[in-house]
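Report on the following structure.
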Number of protein chains: 2
Amino acid sequence: MIYLDNSSTTRKKPFCVLNAVLKATWHSANPTRSSHTPSLNAALKVYNTREHLKSFFNAPKSANVVFTYNCTEAINTVIFGTAKKGGNVVITAFEHNATFRPLNKLIKTHNITITIVNPNSLGEITSDDILNKINDKTYLVIVNQTSNVTGSTVKLNNLGHKLKQKNIMLMVDTAQSAGHEKIDMQSIGANFLCIAGHKGLFATQGIGALILNDANVEPLKFGGSGSNSLLTTMPEYYPEKLEAGTINTIGISALDAGVGYVEKHLDKINSKVEKLSNILINYLKQNKNITLYSSNPHSGVISFKFNNLDNNEVCNTLNEKYKICVRPGLHCAPLIHKFLKTEKTGLIRVSISYFNNFCEIKKLIKALNKIEKNHN
Amino acid sequence: MIYLDNSSTTRKKPFCVLNAVLKATWHSANPTRSSHTPSLNAALKVYNTREHLKSFFNAPKSANVVFTYNCTEAINTVIFGTAKKGGNVVITAFEHNATFRPLNKLIKTHNITITIVNPNSLGEITSDDILNKINDKTYLVIVNQTSNVTGSTVKLNNLGHKLKQKNIMLMVDTAQSAGHEKIDMQSIGANFLCIAGHKGLFATQGIGALILNDANVEPLKFGGSGSNSLLTTMPEYYPEKLEAGTINTIGISALDAGVGYVEKHLDKINSKVEKLSNILINYLKQNKNITLYSSNPHSGVISFKFNNLDNNEVCNTLNEKYKICVRPGLHCAPLIHKFLKTEKTGLIRVSISYFNNFCEIKKLIKALNKIEKNHN
C-alpha cells in the first residue's frame with residue numbers, strides 16, 4: 001500500500017512518537033490536577049512541551065502555548081475569542097473551512113465583513129497583497145501559510161510587525177506548513193500560530209496547539225482548570241484560561257516527540273520531500289492531458305486533474321487497483337477551488353511525507369499512465 | 001507507588017486499550033476525509049465505536065454519538081448549543097465546574113437563571129428533589145450522576161421521561177459514573193449523555209463523547225466536516241454538525257477497547273471496587289479524628305478530612321513518604337464543597353479503580369494511622 005495522503009494525516013510516524021504514546025498511556029496521570037508524583041510528572045511533560053513548541057517556532061518568551069483538540073479548535077478559539085462587532089477580517093483564498101466557517105458564523109452574530117486575498121497568476125499570495133487589502137475596520141488578518149490544495153506558501157516576512165503598527169492582529173494557520181517550513185514567530189510578528197499535531201509534526205490525532213503573544217482571547221469553553229476552583233469563570237491567566245477540562249497528555253507527549261524529530265531532521269525532510277515532489281511535478285507538467293495546480297515542491301502538496309477523466313474515479317482506481325491512497329474532492333477548502341474553478345470536479349491531491357520513497361512515486365506515475373491509457 | 005487518584009484519570013489501562021492505541025497510531029489515517037482504504041478503515045472503526053457506545057449505554061437507535069476532546073467539551077456543547085434567553089436550568093450541587101462555569105457564562109450572555117438542588121442529610125439527591133425544583137422557565141436539567149467528591153450517585157429512574165412531558169431536556173454528566181454504573185439512556189429518557197474517556201472507561205485522555213437523542217444542538221466549533229465543503233456552515237446532520245476538524249481516531253479506538261473491557265467485566269469491577277472501598281470506609285468511619293463524606297462504595301470515590309490536621313499536608317506526606325497518590329483540594333466542584341462547608345480546607349479524596357488491590361488499601365490505612373500518630 002502506498003500512502004500519499006499525508007496532508008490529511010501523516011500515516012507513518014517516527015518510532016520516537018510511538019514510544020512516547022505508549023509511555024504516556026502506560027503512565028497516565030492528570031497534569032496540574034493533584035500534587036502527587038505522577039500528576040507532577042505529567043505536568044512537567046506538558047510544561048516542557050510548551051517550552052519545546054516555543055523554541056521550535058521561535059516564539060517570544062512572553063508567548064503562551066495552549067493545547068487544543070486540533071488545529072480547527074485553535075483557529076475557532078482565536079476567531080471567536082477576538083471577535084469585534086462590525087469589524088473586518090482579511091483572509092486569503094487559501095483558507096480552510098476551519099477558518100472560513102467560523103468567520104461566516106461571525107458575519108451573522110457580529111456583523112463582521114470578510115475580505116479575501118486571491119492568488120496571482122502563479123498561484124501565489126504575497127505579504128503586500130495582504131497589506132493592500134486591509135481597511136479601517138480590519139482588526140484581524142488570517143493567513144493559511146501553505147495551501148492544503150495547491151501547496152503554495154505565503155512568504156510572511158515581517159507581516160505581523162507591519163500590521164501591529166495599525167493595531168491589527170495576525171493569525172497564521174500552520175496546519176500544512178509546520179514540519180515543512182522553518183517558522184519564526186518573532187520575525188513574522190504573529191500574534192497567533194495555530195498548529196495541527198497529526199500532519200507534518202508527526203504527532204497523533206487529538207492534539208493541536210495555539211501559541212499566542214501580545215493578544216487577549218476570550219475562552220470558547222469553560223470548565224475545570226485545576227486551580228481557583230471557586231471562581232465562576234476561567235482564570236484570567238494563560239494557558240489555564242483557554243484549557244477547560246483534562247488535556248490530552250498522550251497527544252502532548254506525541255507532539256513533543258514529533259517536534260523533536262522534525263527539529264533534528266528538517267533539512268533531510270525538506271530535501272527528500274522536494275526531490276520526490278519534483279519527480280511528480282515534472283511528470284504532471286509534461287502530460288498534456290493533465291492540468292497541474294501546484295509548483296511548490298517544498299510543501300509536498302501536489303494537486304492536478306485529468307482534463308478528460310472523472311477525477312474521483314481516477315482516485316478510486318488508484319486505491320482499488322494499485323493500492324495508492326490520494327485524496328480527491330475539495331479538501332475542505334472551498335475558496336481556492338472556487339478561484340481555480342475546480343469546485344465542481346475537485347482535484348486529485350497527492351501529499352508526500354518524509355517517509356515516502358522514490359519507488360512509490362514511480363509507481364504512482366506508472367499507475368496514472370496506465371489509467372490514462374486504459375481510458376483512451 | 002500506589003495510585004488512588006483514578007477519578008482524575010485511571011492510571012492503569014487494560015492491555016486491550018494499550019494495544020488499540022498502538023495499532024491506531026501505527027495505522028493512522030483520517031476517517032471520512034478520503035475514499036481510500038486506510039481512511040475507510042478508520043471511518044469504520046469510528047462508526048463501530050459510535051454503535052458500541054450506543055449499545056453500551058442502551059441509547060435509542062435514533063440517537064447520535066459525537067466525539068469530543070473531553071467530557072467538558074461535551075457538556076459545553078450541550079449548554080451553549082441549547083441556550084435559551086431568560087430560561088432556567090436546574091442543576092445539582094454535585095455539578096463540576098465543567099457545568100457550573102459555562103452556565104455562569106450563560107447568566108451573563110443569555111440572562112438565564114440557575115436553580116441548585118442540594119443533597120439531603122445523607123448526602124443524597126433523588127429524582128423527586130430535582131423534579132420539585134423545576135419552574136415554568138426551566139428548559140434544561142443537568143445531573144452529575146455521581147459526585148466526584150462524595151461519590152454519591154443520583155438514582156435517575158425515568159427522570160427524563162417525566163421532564164419530557166414538561167418539554168424540559170435532561171443532560172446527564174456520566175464522567176464519574178460510566179464504568180461503575182450500568183447506564184440505560186432509554187430507561188432514563190435522557191436527551192444527552194456526556195462521557196469522559198479517560199476515567200472509568202479506561203480510554204486515553206483526549207477523547208470524550210456526547211450521545212444525543214431527540215434534541216437539537218447548535219455547534220460550538222466550525223470547520224472542515226469532510227463533506228459538503230461548499231457549505232459556509234456546518235452540515236445540519238449529526239455527528240458532522242458537531243465534529244469540526246480531524247477527530248481523534250486513536251482516542252476513539254482506545255475508547256472502543258475500554259468500553260469493551262468494562263462491558264465484559266462490569267460485575268467484577270463493581271464487586272472489587274465495592275470491596276476495597278468498604279474496607280477504607282469502615283476504617284474512616286471508626287476513626288474519631290476523621291470526618292467522612294462518602295458512603296457509596298460502588299463509586300470508588302471516598303472523601304474525608306482529618307479534623308485536626310492540614311489535609312493538603314497529609315496528601316503531601318502520603319505522596320512523599322509513602323508513595324501513595326490521592327487528591328486534595330476542591331476537585332473542581334465548588335458547589336458541593338460549599339454545601340459541605342469544606343471550601344476552605346478541601347478534602348482528601350481517594351478514588352479506587354478495578355486495578356487497585358487489597359494490599360494497597362491496607363497500606364493507605366497504615367500510612368494514615370502513622371501520619372495521625374506522628375502528629376499527636
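Numbered from 1 within each chain, the chains take letters A, B, ... in sequence-line order. Since the model is a prediction, treat every value here as computed from it, not as a measurement. Computed over heavy atoms, backbone and side chain alike; hydrogens, waters and symmetry mates excluded.
- Interface remark: A:Lys105 contributes side-chain atoms only to the contact with chain B (heavy atom separation under 4.5 Å).
- The contact between A:Pro102 and chain B is made by backbone and side chain atoms together, counting heavy-atom distances below 4.5 Å.
- In the model, B:Asn70 has no side-chain atom that pairs as donor or acceptor with a side-chain atom of A:Thr246 under 3.5 Å.
- Listed options B:Val21, B:Leu220, B:Thr99 were ranked by heavy-atom pairs under 4.5 angstrom with chain A; first place goes to B:Leu220.
- Most heavy-atom pairs under 4.5 Å with chain B: of the set A:Leu103, A:Thr249, A:Ile250, A:Thr10, this distinction falls to A:Thr249.
- Closest approach of A:Ser35 to B:Pro328, counting heavy atoms only: OG-CG, 4.0 Å.
- For the set B:Arg101, B:Glu73, B:His36, the count of heavy-atom pairs under 4.5 angstrom toward chain A peaks at B:Arg101.
- The closest donor-acceptor contact from the side chain of A:Asn104 to the backbone of B:Thr233 lies at 3.5 Å or more, if one exists at all.
- Atom CG of residue B:Asn19 and atom CG of residue A:Leu22 lie 10.0 Å apart, to the nearest 0.5 angstrom.
- Using a 4.5 Å cut-off between heavy atoms, A:Lys338 touches chain B through its side chain atoms alone.
- Both the backbone and the side chain of A:Met234 come within less than 4.5 Å of a heavy atom of chain B.
- A:Tyr69 contributes a side-chain N or O that, together with a main-chain N or O of B:Asn248, makes up a donor-acceptor pair within less than 3.5 Å.
- If you measure heavy-atom distances from A:Asn76 to chain B, the contacts under 4.5 Å come from the side chain alone.
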Tell me, with the steps shown, if A:Asn30 and B:Asp5 meet side chain to side chain contact (heavy atoms under 4.5 Å, CB included).
CA-CA 9 Å; A:Asn30 211 326; B:Asp5 189 18; 5.5 Å; no
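- Contact of the B:Cys325 side chain with the A:Ser34 side chain is not registered, since no non-hydrogen atoms from C-beta on lie closer than 4.5 Å.
- Between the side chain of B:Asn97 and the main chain of A:Ser229, a donor-acceptor pair closer than 3.5 Å is present.
- In this structure, B:Gln205 contributes its side chain and A:Ala29 its backbone to a donor-acceptor pair below 3.5 Å.
- Contact check for B:Leu230 versus A:Glu343: side-chain heavy atoms found under the 4.5 Å cut-off.
- Between chain B and the options A:Thr37, A:Thr204, A:Thr77, the largest number of non-hydrogen pairs under 4.5 Å is found for A:Thr37.
- In terms of non-hydrogen atom pairs under 4.5 Å with chain A, the most contact-rich of B:His331, B:His337, B:His96, B:Arg33 is B:Arg33.
- Using a 4.5 Å cut-off between heavy atoms, A:Phe202 makes no contact with chain B at all.
- A heavy-atom distance below 4.5 Å is found between the side chains of A:Met1 and B:Pro38.
- When heavy atoms are compared at a cutoff of 4.5 Å, A:Thr68 approaches chain B solely by way of its backbone atoms N, CA, C and O.
- The most heavy-atom pairs under 4.5 Å with chain B, out of A:Ile75, A:Val326, A:Asn316, come from A:Val326.
- Within the 4.5 angstrom heavy-atom criterion, no atom of B:Ser39 approaches chain A.
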Take B:Lys13 and A:Ser28 through the test side chain to side chain contact (heavy atoms under 4.5 Å, CB included) and record every step on the way to the result.
CA-CA 8 Å; B:Lys13 311 290 185 188; A:Ser28 288; 3.4 Å; yes
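- Between the side chain of A:Arg11 and the backbone N or O of B:His27 there is at least one donor-acceptor pair closer than 3.5 Å.
- Most heavy-atom pairs under 4.5 Å with chain A, from the set B:Ile247, B:Ile207, B:Asn312, B:Asn6: that is B:Ile247.
- Contact count versus chain B (heavy atoms, under 4.5 Å) is highest, among A:Ser227, A:Ser225, A:Ala254, A:Ala333, for A:Ser225.
- Counting heavy-atom pairs closer than 4.5 Å to chain A, the top residue among B:Leu330, B:Thr232, B:Ile252 is B:Thr232.
- The contact between A:Leu231 and chain B is made by backbone and side chain atoms together, counting heavy-atom distances below 4.5 Å.
- Note on B:Phe67, B:Phe80, B:Phe100, B:Trp26: by heavy-atom pairs under 4.5 Å with chain A, the leading option is B:Trp26.
- The choice from A:Gly223, A:Gly208, A:Ala196 that makes the most heavy-atom pairs within less than 4.5 Å of chain B is A:Gly223.
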